[in-house]
Amino acid sequence: MDTVRVRFAPSPTGNLHIGGARTALFNWLFARSRGGVFVLRLEDTDTGRNIEEAAVQIATSLRWLGLDWDEGPDLGGPYGPYRQSDRFEIYQAEARRLVESGQAYWCYCTPEELAQQREEARKRGEVPRYDRRCCTLTAAQRQAKEAAGIRPALRVRVPRTGTTVVHDLIRGEVSFDNATLDDFIILKSNGGPTYNFACVVDDAAMRISHVIRAEEHLSNTPKQIVLYRLLGYQLPAFAHVPMILAPDRSKLSKRHGATAVEEFRAEGFLPEAIVNYLALLGWSPGDEREQMTLAQIQELFSLEAVSKHAAIYDVRKLTWLNGQYLSSLPLARVVEAVLPFMQEAGYVSAVPGAAELDYLNRVVETVRSRVHTLAELRDAAAYFYRSDFTYEEKGIRKYFAKPGVTELLARGREALAAVPSDQFTVEATEQAYRRVIDEMGISGGALIHPTRLALSGRTVGPGLFDIMATLGKEECLARLERAVDWIDINLRAEA
RNA sequence: GGCCCCAUGGUCAAGUGGACUAAGACACCGGCCUUUCAAGCCGGUAACGCGGGUUCGAAUCCCGCUGGGGUCACCA
């Protein structure tokens with residue numbers, strides 16, 4: 001086993017799930033930490049369930065997460081093609097070898113007959129298992145079946161004695177009694193391979209050294225090992241990673257909210273956070289580290305440190321991590337990530353100019369430490385782009401309804417008007433405001449709170465002077481004036 | 001139901017026979033800071049599923065039970 005070769009082999013039936021993403025991540029980490037090769041292979045043998053867009057979507061999500069592959073459907077490689085639907089001749093050829101050596105046989109039982117056989121076995125209290133009745137078919141009987149238009153499926157003749165043991169890098173030795181195995185189908189009646197067959201043929205053909213996949217495949221492994229032996233292939237190492245469960249301990253599904261990588265992206269999660277969180281789910285660096293880059297994780301990763309038990313994913317911790325990244329990543333990176341959100345909201349133009357970008361940078365810098373997702377960041381930045389907001393009810397009652405508040409706001413506005421617009425900084429605006437506060441002998445909050453409401457429409461947010469400096473002089477004066485007018489019309493009139 | 005895997009706080013998770021009066025993180029609760037909200041800092045509540053062994057000693061090893069999960073297709 002010289003060079004490490006691993007693969008991620010999704011079936012393109014839907015979006016990339018976080019469970020799949022983590023399996024891909026562990027494969028990627030293993031390959032990258034061992035100087036190996038990461039292969040992407042599409043398991044699209046079931047033409048009925050295959051969705052063309054899904055293949056594109058999965059690749060897009062993987063790339064977005066930063067998990068790049070060395071060989072795959074798009075890149076090609078020495079062991080292609082990497083799409084199972086393009087490898088049918090290979091499966092046919094390997095199946096033929098099995099038939100010729102008597103290790104596989106044609107089965108003419110129809111799905112209905114098989115279901116009936118299973119049902120009868122169950123009634124007798126037996127484990128449903130194919131009874132090999134088609135094994136003894138004579139040539140004449142076979143011809144009759146063919147003439148009747150029945151297309152046969154191909155079954156492997158699985159040894160019925162002994163045990164098959166899986167040497168698993170995460171779970172140790174797991175043994176299965178061969179008597180519990182069945183003569184499973186490897187070629188469907190339409191000529192296509194089944195999962196267990198295609199998977200083995202391809203893993204061997206693509207020189208996969210380590211099969212790292214989800215635990216749900218552990219019970220398939222003895223069947224696959226039988227195939228490896230029958231076909232004379234060298235066995236790869238196996239590692240079955242624990243599954244990711246929904247908060248109610250059940251298998252993850254759509255009804256548990258966002259479970260697809262694409263959905264997390266749309267909700268404003270950063271790939272840095274998702275990958276970091278996924279790595280922490282089922283693996284630990286062994287110390288107290290939490291926030292780590294892909295590069296750091298890669299350096300520390302080992303399959304031996306992967307836990308054995310399923311993990312329930314907790315979107316709150318992911319959210320926390322995302323918030324950590326939002327405030328600690330270089331500003332340019334956060335701006336880049338939030339840009340599409342801002343454009344979609346109509347805050348930033350499709351092709352922003354330098355001034356627009358400069359403003360966005362300042363906005364992001366002033367709000368990013370108090371949000372957890374890019375969507376929240378966009379919403380928290382709304383009033384930096386729109387001045388037609390309404391005032392929060394609670395704020396109106398608490399700050400605008402106070403007697404003398406319009407005079408207060410007018411004084412504040414006057415003070416700000418005296419600050420030159422090219423020196424409208426956090427320090428200068430605060431100095432101007434503090435002077436008003438001193439002169440009037442009021443508490444800071446008495447002026448600061450109504451001003452925040454006037455400027456942003458909200459009672460919570462960044463430091464007031466940060467808002468002022470970002471907004472700029474003209475906008476501040478206009479908004480203060482608008483607030484005074486609003487109070488005059490809406491609150492004074494009633495009095 | 002058969003087979004297989006797993007089992008430390010609500011969640012993630014450290015721990016590989018003595019340093020365990022069981023780390024850390026998220027969440028939660030308090031406090032500090034403060035113009036608000038976050039952030040940050042300080043503190044708190046909270047766990048070895050149960051029962052038997054083995055051992056001078058068990059979260060750690062063995063057995064049973066219970067619980068959870070996976071799998072039993074011409075799906076992957």
Side-chain angles (χ1 to χ4, degrees), chain A residues 9-13 43-46 48-50 84 107 109-111 114-115 118 122 125-129 151-155 166 168 170-172 174-177 179-182 184-196 198-199 214-223 240 242-243 245 247 249-251 277 280-291 307-321 323-324 327 367-372 376 380 395 398 430 433 437 443-449 451-453 456 458-465:
Chain A
S11 161
T13 53
E43 308 225 328
D44 58 346
T45 57
D46 185 359
R49 294 207 313 164
N50 187 21
Q84 291 187 328
C107 173
C109 296
T110 63
L114 291 169
R118 271 195 292 270
R122 229 182 295 270
E126 292 169 12
V127 178
R129 204 173 54 162
R151 307 299 306 154
L154 188 64
R155 288 184 185 272
V166 178
D168 192 283
I170 294 173
R171 280 149 222 287
V174 182
S175 56
F176 297 82
D177 192 338
T180 65
L181 268 28
D182 200 3
F184 58 94
I185 290 171
I186 56 175
L187 239 42
K188 307 178 216 173
S189 54
N190 67 7
T194 56
Y195 164 73
N196 283 125
C199 179
E215 192 192 340
E216 54 187 319
H217 292 294
L218 185 53
S219 344
N220 279 321
T221 310
K223 292 181 189 177
H240 289 92
M243 315 213 18
L245 267 29
R249 297 207 129 276
S250 70
K251 213 171 169 178
Y277 178 70
L280 252 24
L281 207 56
W283 173 82
S284 151
D287 55 29
E288 294 171 14
R289 267 175 283 200
E290 296 278 343
Q291 195 179 346
S307 64
K308 296 175 165 68
H309 58 273
I312 293 171
Y313 95 100
D314 180 9
V315 73
R316 289 176 304 182
K317 184 154 180 175
L318 203 212
T319 303
W320 166 77
L321 245 191
Q324 294 291 307
S327 39
V367 301
R368 66 161 164 170
S369 74
R370 54 205 85 220
V371 295
H372 296 95
E376 277 181 32
K398 229 169 148 185
E430 171 151 23
Y433 249 49
I437 290 164
S443 70
L447 179 57
I448 286 169
H449 292 305
T451 302
R452 173 179 291 102
L453 189 61
S456 70
R458 305 182 188 186
T459 57
V460 301
L464 179 65
F465 307 108

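None of these values were measured; they are calculated from a predicted model. Throughout, protein chains are lettered first and strands after them, A, B, ... in sequence-line order, and every chain is numbered starting at 1. Just the heavy atoms: all of them, side chains too, but no hydrogens, waters or symmetry mates, feed the values below.
- Here A/S327 contributes atom OG and A/H372 contributes atom NE2; the two are 8.0 Å apart, rounded to the nearest 0.5 Å.
- Note on A/F465: a base of the nucleic acid sits closer than 4.0 angstrom, heavy atoms only.
- Evaluation of the salt bridge (Lys or Arg N to Asp or Glu O under 4.0 Å) rule for A/E215 yields A/R171 as partners, not counting sequence neighbours.
- Base engagement by A/E290 is indicated by at least one non-hydrogen atom pair under 4.0 Å involving a base atom.
- Among the heavy atoms of the strands, none lies under 4.0 Å from A/G444.
- For A/R316, the salt bridge (Lys or Arg N to Asp or Glu O under 4.0 Å) criterion is met by A/D314, not counting sequence neighbours.
- Of the C1' atoms belonging to B/C75 and B/C63, the separation is 39 Å, rounded to the nearest Å.
- One C1' atom belongs to B/U8, the other to B/C4, and the distance between them is 24 Å to the nearest Å.
- Using a 4.0 Å heavy-atom cutoff across all strands shown, A/N220 reaches at least one base atom of the nucleic acid.
- Here the side chain of A/D182 pairs no donor or acceptor atom with the backbone of A/F184 at under 3.5 angstrom.
- One finds a side-chain N or O of A/S307 lying less than 4.0 angstrom from the OP1 or OP2 phosphate oxygen of B/A13.
- At a threshold of 4.0 angstrom between heavy atoms, the contacts of A/R249 are confined to the sugar-phosphate backbone, with no base atom among them.
- A donor-acceptor contact under 3.5 Å is formed by the side chain of A/S189 with the base of B/C74.
- In this structure B/C48 sits in no base pair that meets the Watson-Crick or G-U test at under 3.5 Å.
- Note on A/Q324: a side-chain N or O is less than 4.0 Å away from OP1 or OP2 of B/G40.
- Across all strands, A/R118 comes closer than 4.0 Å only to sugar-phosphate atoms, never to a base (heavy-atom distances).
- Applying the 4.0 Å criterion to OP1 and OP2 of B/A76, one finds that A/K188 has a side-chain N or O inside that range.
- The shortest distance between the side-chain N/O atoms of A/K251 and the OP1/OP2 oxygens of B/U71 is below 4.0 Å.
- Residue A/H240 contributes atom NE2, which lies 15 Å from atom C1' of B/G69 at whole-angstrom precision.
- Residue A/P242 is out of contact with every strand shown, counting any heavy-atom pair closer than 4.0 Å.
- A/G463 comes within contact range of at least one nucleobase, with a heavy-atom separation under 4.0 Å.
- Within 4.0 Å (heavy atoms only), A/L281 reaches sugar-phosphate atoms of the nucleic acid but no base atom.
- Using a 4.0 Å heavy-atom cutoff across all strands shown, A/R171 reaches sugar-phosphate atoms only and no base atom.
- Ion pair A/E216/A/K251 flagged as a salt bridge, since at least one NZ, NE, NH1 or NH2 atom sits closer than 4.0 Å to an Asp/Glu carboxylate oxygen.
- Both A/H372 and A/A311 sit near RNA chain B, but only A/A311 has its closest nucleotide nearer the 5' end.
- One atom, CD of A/E288, and another, P of B/A23, lie 11 Å apart when rounded to the nearest Å.
- Phosphate contact (OP1/OP2 of B/C4, side-chain N/O of A/S175, threshold under 4.0 Å): absent.
- Within 4.0 Å of A/L464, counting heavy atoms only, lies at least one base atom of the nucleic acid.
- A salt bridge links A/K317 and A/E290; the closest N-O separation between the charged side-chain nitrogens and carboxylate oxygens is under 4.0 Å.
- Using a 4.0 Å heavy-atom cutoff across all strands shown, A/S369 reaches at least one base atom of the nucleic acid.
- The same atom, P, is picked in B/G49 and in B/A7; the two are 10 Å apart, to the nearest Å.
- Distances shorter than 4.0 Å separate none of the side-chain N or O atoms of A/K398 from OP1 or OP2 on B/U36.
- Under the Watson-Crick and G-U wobble criteria, each requiring two contacts below 3.5 Å, nucleotide B/C72 is paired to B/G1.
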